[in-house]
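Below is one structure, written out as structure tokens, with a few remarks after it.
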Amino acid sequence: MKARHLLAAALLAGTPALAQDEDALGNGVDELAEVVVTEPGWYRDEIGKDGGHVSVIPGGVLEASSAPGLYDIASQVPGVHVIKHGARAYGGGTDANAGIFIRGIGGAPHTGIRVLLDGMPQQQGMFAHPLADSLMLNWADRVDIIKGASPVLHGNGAFGGVVDVIPREPEDGFHGRGESSFGTYRTQQHKGNISLKDGPFDLLGSGGFFKTEGHRRHTNNWVHNYFGRSRYRLNDQFRLNGAWMHYRSRWENPGPTYAPFATKGEIWEHGFNTSLENSFDNFHGRSNFYSDFGHITMSGAPGSHTRYESYGIDMPETFRPWEDGECTLGFAFERYGGHFVNPAKNFTDFITTVAPYIQLRHTIRDTVTPSAGIRMNYSPEFGWQWAPQFGLHYRLAERTTLYGTVARGFNLPAIAQLVVFPGASRDLDPETVWHYETGISQRIGERAAVNLAAFIDRGSNLIRTTGVFPLQEVRNVGAFTHKGLELSGTWTPVDNLDLYLAATGLDPDSQTQGNPGARINSGILWRLRQWKLYLDGEYADHRFGQDHEVDRLSSYLLVNGRLAYELEGVGLPAGAEIYFAMENILDQKYTYVPGYPMPGTAFTMGLAFDF
């Protein structure tokens, strides 16, 4: 035990981070919410001029870690926590195999987190949550995570935050990369991507396959995943964009160890979006249409079949009404729902929302930028929801930035909560939250940076499932207050070595399921000639398997690593590397959900190459 504690101290005091992705710096987090970069390194913070707090995972860490999906890397961000039932994340919500929480909000199902793939909202229309196995990352340039309510630009569902997966920017000519790996539990993964840029036209394509037999009986899982995007610049002012995604997944759920049962499921999903961007001297914006549809089939008792769909438009336009001022006007429409059938229920239902919104910003002497905005969301089912947002960005010194934000987020009940779940009720009210955050970001020379953030979320009408099946009830359980601190830092002591360390303290009120009270994250990326070493670590304590501090879970220290060697010559393709990876190096015995033990140490070997 002492040896493990010494190893933990060494890792957590001297590690995590990765080299900053220079391309990601220039792009910002959102063209509608210009950001100021405040940290170098692997994970970094960016502070929007509207005072919003954004955490960025650049493409460098996504590639170096070989993370197959978003849920395999997101927990390295302070304030973000992922729970799973097994080695592979699939489905959504704490009752499935995966749930994502941002500062205590999310989970069951995680309808309070808005997830975007290149502008396409990933919202399973019936349950109003993204599906974990659709969030592959082999085509991603970076992942942006907005922590806290972001209602003006993102609307319904951006209750606890927003996750935006940004595609890579193609380089001139044709490029491609492939990767194959095999590992413990007969796990295999094969993926590849191509890009083409020729004058005004560019193309990005990606595909992947993942399969595992799992660490327990009846934990088989396989996923096919494809993504494509094409863009054509019509002239200096307009560009036409189109994106498409498709994935199919099958899985088995063995049930908890104390009451095992075997169920199977299959998901098929297809999505696309089309947008027309405009850019002139004094204004720019886009008109975006998106659609997402698919089906979920569950076998076992009682079994069900769901056909879901969602579609919408979003039309923001930003212009300068006066010198040093900026205004964004927009309009959004969204409709989501579908058809659900099981032995007890058979129905079709949809929710429709429309929302105009406006955001104003003004910069005073290139130092202080106050901002204010509001979104007025209307749905026939729930009436009007007003969502104001205020921010302040203050450049105290060349390397010191103070920021703050206040926002009122909202989250409409999912159709599943209204009709599908046992004890569902149509009398549910929308969840609301007032988000307060302040912080300071400090650059230290050219090689280090520190960020400190304090936040409070005061909410009402929180929706929870209470009772025990079959006497369950879905209802608004009242008010909640989440509060916490986040401290993170990055350091590049010498070229080719990047270090990262972060700590999170969270008081989630009574919502203790999936929300550790204390976490420490760390990591390292070290490059030496043809070698590349990646390590990350996560320590979590004060954990519970249920709300109200029920089912106390033990603390854990997870350490994962990947060692890669770049191959040169011997007739191999350019950019070829062979790698060896380990998960849970310390072979920790832990669970996120009672009755679902997580895998021990697992090994992977793989080969990646350019073409």
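Here the structure is a predicted model, which is why all the values come from computation and not from measurement.
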## Note on the structure
Interatomic distance, CZ@R286 vs CE@M315, rounded to 0.5 Å, equals 11.5 Å
### Message
With a 4.0 Å cut-off on N to O distance, would you call E252 and R217 a salt bridge?
### Response
no
### Query
Do E431 and N411 have side-chain N/O donor and acceptor atoms under 3.5 Å apart?
yes
### Task
Check whether any side-chain heavy atom of F333 lies under 4.5 Å from a side-chain heavy atom of R335, and answer yes or no.
yes
### Query
Any side-chain donor paired with an acceptor under 3.5 Å for H482 and D509?
no
### Atom of N377, atom of A355 and distance for their closest heavy-atom approach
OD1-CB, 3.7 Å
### Task
Mind running side-chain contact (heavy atoms from CB on, under 4.5 Å) on F410 and N461 for me, showing each step along the way?
CA-CA 10 Å; F410 66 95; N461 294 328; over 6 Å; no
### Task
Using modelled atom types only, decide if a donor and an acceptor are shared between the side chain of N476 and the backbone of G478 within a distance under 3.5 Å.
no
### Query
Between Y590 and L558, is any pair of side-chain heavy atoms under 4.5 Å apart?
yes
### Task
Output yes when a side-chain donor or acceptor of H190 lies under 3.5 Å from a complementary backbone atom of G208, and no otherwise.
no
### Query
Would you find a donor on one side and an acceptor on the other, under 3.5 Å apart, between the side chain of S75 and the backbone of V82?
yes
### Query
Would you say W268 and E266 make side-chain contact, with heavy atoms under 4.5 Å?
no
### Summary
Closest heavy-atom pair, N515 versus G104, reported as atoms and distance to 0.1 Å, is OD1-CA, 3.1 Å
### Task
May I have the step-by-step check of side-chain contact (heavy atoms from CB on, under 4.5 Å) for M298 and K264, ending in yes or no?
CA-CA 6 Å; M298 299 289 295; K264 298 180 180 181; over 6 Å; no
### Task
State the CG-CG distance between L428 and L418, to the nearest 0.5 angstrom.
5.5 Å
#### Entry: CA sep, side-chain torsions, deciding dist, call: Y71, I100, side-chain contact (heavy atoms from CB on, under 4.5 Å)
CA-CA 8 Å; Y71 286 37; I100 185 170; 3.6 Å; yes
### Task
To the nearest 0.5 angstrom, please state how far the CZ atom of R543 sits from the OG atom of S554.
5.5 Å
### Summary
Between T432 and F159 the two heavy atoms that sit nearest each other are C-CE1, 3.4 Å
### Message
Donor-acceptor pair, distance only, cut-off 3.5 Å: does the side chain of T591 make one with the backbone of P594?
### Response
no
#### Entry: Closest non-hydrogen atom pair, P597 against H215
O-NE2, 2.7 Å
### Task
Could you tell me if the ring centre of H295 sits under 6.0 Å from that of F293?
no
### Cation-pi, Y596 ring and R216 (6.0 angstrom, 45 degrees)
yes
### Message
So does L506 get a backbone contact from the side chain of R519, meaning a donor-acceptor N/O pair under 3.5 Å?
### Response
no
### Message
Between T219 and E213 (side chain of the first, backbone of the second, donor and acceptor by atom type, cut-off under 3.5 Å), is there such a pair?
### Response
yes
### Task
Could you give me the CA-CA distance, side-chain angles and deciding distance for D349 and R426, then say whether side-chain contact (heavy atoms from CB on, under 4.5 Å) is met?
CA-CA 12 Å; D349 205 352; R426 287 193 177 273; 2.8 Å; yes
### Task
Look at the side chain of T274 and the backbone N and O of G242, then say whether any donor-acceptor pair between them is shorter than 3.5 Å.
no
### Message
If the threshold is 4.0 Å, N to carboxylate O, is there a salt bridge linking E437 and K147?
### Response
no
#### Entry: Short side-chain donor-acceptor distance under 3.5 Å, T187 and T212
yes
### Task
On the 0 to 90° scale, with breaks at 30° and 60°, tag the F209-W222 ring pair as parallel, tilted or perpendicular.
tilted
### Query
Is it true that R114 and E334 make a salt bridge, defined as a side-chain N closer than 4.0 Å to a carboxylate O?
yes
### Query
Distance from Q472 atom CD to F421 atom CZ, nearest 0.5 Å?
9.5 Å
#### Entry: 4.5 Å side-chain heavy-atom contact, Q511 and R464
yes
### Query
Is any side-chain heavy atom of Y556 less than 4.5 Å from a side-chain heavy atom of E538?
yes
### Message
So H542 and E549, do their side chains get closer than 4.5 Å, heavy atoms only?
### Response
yes
### Message
Is it the case that over 12 heavy atoms from other parts of the model lie below 6.0 angstrom from the CZ atom of R458?
### Response
no
### Task
Determine, using ring centers only, whether F272 and W244 are less than 6.0 Å apart.
no
#### Entry: OG on S287 to CG on L276, rounded to 0.5 Å
6.0 Å
### Message
So E486 and R103, do their side chains get closer than 4.5 Å, heavy atoms only?
### Response
yes
### Message
Would you compute the distance between atom CH2 of W434 and atom CG of D457 and round it to the nearest 0.5 angstrom?
### Response
12.5 Å
### Atom CD of E583 with >12 non-hydrogen neighbours under 6.0 angstrom
no
### Side-chain donor-acceptor contact under 3.5 Å, D547 with S510
no
### Task
Kindly assign one of parallel, tilted or perpendicular to the pair Y592 and H81, based on the angle between their ring planes and the thresholds 30° and 60°.
perpendicular
#### Entry: Where A602 and Y185 come nearest, the two heavy atoms and their spacing
CB-CE1, 4.2 Å
### Query
Backbone N or O of N342 within a donor-acceptor pair of the H305 side chain at under 3.5 Å?
no
#### Entry: Donor-acceptor under 3.5 Å (Q417 side chain, A414 main chain)
yes
### Query
Does the side chain of F480 reach to within under 4.5 Å of the side chain of S460, using non-hydrogen atoms?
no
### N560 (side chain) donor-acceptor with N584 (main chain) under 3.5 angstrom
yes
### Task
Using only heavy-atom distances, determine whether the side chains of D314 and Y357 contain a donor-acceptor pair under 3.5 Å.
yes
#### Entry: Nearest non-hydrogen partners of S425 and V474, listed with the distance
CB-O, 3.9 Å
